[in-house]
Asks: 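I have a structure I would like to understand better, so I am pasting it below and will then ask my questions one at a time.
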Amino acid sequence: HLLYNTLESIYWKSKMEGNHVSAEMIKDLSKLMKISLSRGRELITLGEELEHATAYIKLQQNRYDYAFQVDIDLPESLHPLSIPKITLQPLIENGIIHGIKNMGEDGEIRIEAEASGGILRIRISDNGYKPVDIEAINRNLSSETDDPAAGYGVRNIHQRIQLHYGKEYGLVYSVRAGGGTLVTITLPAETAGGS
């Protein structure tokens with residue numbers, strides 16, 4: 001509570017002093033930290049995870065003056081569904097760093113989701129111009145290697161999903177139509193709490 005209260009005080013002080021950009025960055029950092037900790041829960045709602053990811057995006061846009069576009073299409077009806085926490089943010093971060101970082105306002109991140117037949121599919125794509133070895137990424141998702149090039153963060157997300165839900169779920173990378181990279185997250189469409 002001390003940390004949140006301190007951040008809240010800094011937020012209001014910055015706001016009162018007219019430093020609105022800093023105030024908003026403090027507010028986003030507080031959201032990021034709150035959901036990251038999420039009181040020990042490993043599974044949170046998609047709505048909470050989206051709030052976390054959105055706070056991260058805003059921080060990156062303010063921190064680096066990135067001018068990229070973000071398009072989010074996550075219907076509110078899907079917000080109560082469960083997802084392992086800190087799933088979207090690392091994938092969005094990869095899209096920014098490895099896909100669109102140097103594209104300026106031409107860069108685009110798209111986040112969309114749909115549920116049908118008891119399956120939730122979340123897609124995160126970027127329109128990055130650099131060629132990506134999709135086959136190597138997909139091979140590395142299930143690899144047991146300790147090679148840092150295998151991408152610990154992405155593999156960690158994939159393995160956490162499979163530990164919670166089974167081997168039929170996880171991440172798959174593909175080429176985005178029109179260029180860039182697309183990662184599809186497949187999860188069971190279950191509400192947080194298990195129904």
Asks: Mind checking the CD-CD spacing from Gln89 to Gln60? Nearest 0.5 Å is all I need.
Replies: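 The CD atom of Gln89 sits 8.0 Å away from the CD atom of Gln60.
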Asks: Side chains of Ile92 and Ile124, heavy atoms from C-beta outward: is any pair under 4.5 Å?
Replies: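 They are in side-chain contact.
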Asks: Tell me, please, which residues at least two apart from Gln162 pass side chain to side chain donor-acceptor pair (under 3.5 Å).
Replies: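 Only His158 meet the side chain to side chain donor-acceptor pair (under 3.5 Å) criterion with Gln162.
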Asks: If I take atom CD1 from residue Ile111 and atom CD1 from residue Ile122, how far apart are they, to the nearest 0.5 angstrom?
Replies: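 Spacing of CD1 (Ile111) from CD1 (Ile122) equals 10.0 Å.
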Asks: Sequence neighbours left out, what passes side-chain contact (heavy atoms from CB on, under 4.5 Å) with His98? Give chain and number order.
Replies: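 Expected list: Asn94.
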Asks: Looking just at side-chain N and O atoms, do Thr45 and Glu48 make a donor-acceptor pair shorter than 3.5 Å?
Replies: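 There is such a pair (donor and acceptor under 3.5 Å, judged by atom type) between the side chains of Thr45 and Glu48.
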Asks: Do Leu182 and Ile96 share a hydrophobic cluster (ILVMFWY, side-chain heavy atoms under 4.5 Å, transitive)?
Replies: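 No.
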Asks: Identify the two heavy atoms, one from Val154 and one from Leu171, that lie closest to each other, and give their separation to 0.1 Å.
Replies: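 Smallest interatomic distance, heavy atoms only, reads O-CD1, 3.5 Å.
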Asks: I'd like to check Leu46 versus Pro80 (side-chain heavy atoms, cut-off strictly below 4.5 Å). Are they in contact?
Replies: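 Leu46 vs Pro80: side chains apart.
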Asks: Give, for atom NE2 of His164 and atom OG of Ser82, the distance between the pair rounded to the nearest 0.5 Å.
Replies: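 So the gap between those two atoms works out to 9.0 Å.
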Asks: When you group the ILVMFWY residues by side-chain heavy-atom contacts below 4.5 Å and let the links chain together, are Leu163 and Tyr169 in the same group?
Replies: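 They do not share one cluster, since no chain of ILVMFWY contacts under 4.5 Å joins Tyr169 to Leu163.
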Asks: Considering non-hydrogen atoms only, spot the tightest contact between Gln61 and Phe68 and give its length.
Replies: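 Heavy atoms only, the tightest pair is NE2-O, 3.2 Å.
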Asks: With sequence neighbours excluded, tell me which residues meet side-chain contact (heavy atoms from CB on, under 4.5 Å) with Pro90.
Replies: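 Residues passing side-chain contact (heavy atoms from CB on, under 4.5 Å) with Pro90: Ile86, Ile157.
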Asks: Consider side-chain contact (heavy atoms from CB on, under 4.5 Å). Of Val175, Val183, Val172, which one does Ile134 pass it with?
Replies: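 By the side-chain contact (heavy atoms from CB on, under 4.5 Å) criterion, Ile134 pairs with just one of Val175, Val183, Val172: Val175.
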Asks: Rounded to the nearest 0.5 Å, what separates atom CD1 in Ile137 from atom OG1 in Thr181?
Replies: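 Result: 6.5 Å between the selected atoms.
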Asks: What is the distance from atom NZ of Lys167 to atom CD of Gln159, rounded to the nearest 0.5 Å?
Replies: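 Spacing of NZ (Lys167) from CD (Gln159) equals 7.5 Å.
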Asks: What pair of heavy atoms forms the shortest contact from Leu74 to Ala113, and how long is it?
Replies: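 For Leu74 versus Ala113, the nearest heavy atoms are CD2-CB, 2.8 Å.
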Asks: Keeping to residues at least two apart or across chains, list the salt bridge (Lys or Arg N to Asp or Glu O under 4.0 Å) pairs with something in residues 102-111.
Replies: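 Salt bridge (Lys or Arg N to Asp or Glu O under 4.0 Å) check on residues 102-111 returns Asp71-Arg110, Asp73-Arg110, Glu108-Arg176, Arg110-Glu112.
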Asks: What distance do Ile83 atom CD1 and Leu81 atom CG have between them, rounded to the nearest 0.5 Å?
Replies: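 Nearest 0.5 Å value for the CD1-CG distance: 9.5 Å.
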Asks: Can you list the residues that meet the salt bridge (Lys or Arg N to Asp or Glu O under 4.0 Å) rule with Arg123, with sequence neighbours excluded?
Replies: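 Only Glu114 meet the salt bridge (Lys or Arg N to Asp or Glu O under 4.0 Å) criterion with Arg123.
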Asks: How close do Leu78 and Ala115 get, counting heavy atoms only, and between which atoms?
Replies: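 Closest approach of Leu78 to Ala115: CD2-CB, 3.6 Å.
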Asks: Can a donor-acceptor pair be found, under 3.5 Å and without considering hydrogens, that links the side chain of Arg160 to the backbone of Lys85?
Replies: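 Judged by distance alone, yes, a pair lies under 3.5 Å.
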Asks: Which residue is it: Val132, Leu91, Thr184? I am looking for the one with a side-chain contact (heavy atoms from CB on, under 4.5 Å) to Tyr173.
Replies: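 For Tyr173, the side-chain contact (heavy atoms from CB on, under 4.5 Å) check succeeds only for Leu91.
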Asks: Sorted by first residue and then second, give each side-chain hydrogen bond (donor to acceptor under 3.5 Å, both in side chains) pair with at least one member in residues 126-135; sequence neighbours left out.
Replies: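 Matches after skipping sequence neighbours: none remain.
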Asks: What are the two closest heavy atoms between Gly95 and Ile109, and how far apart are they?
Replies: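 Distance-wise, the nearest heavy atoms are C-CD1, 3.8 Å.
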Asks: Quick check: closest heavy atoms across Ile100 and Gly128, and the distance to 0.1 Å?
Replies: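 Shortest heavy-atom separation between Ile100 and Gly128 comes out as CG2-N, 4.0 Å.
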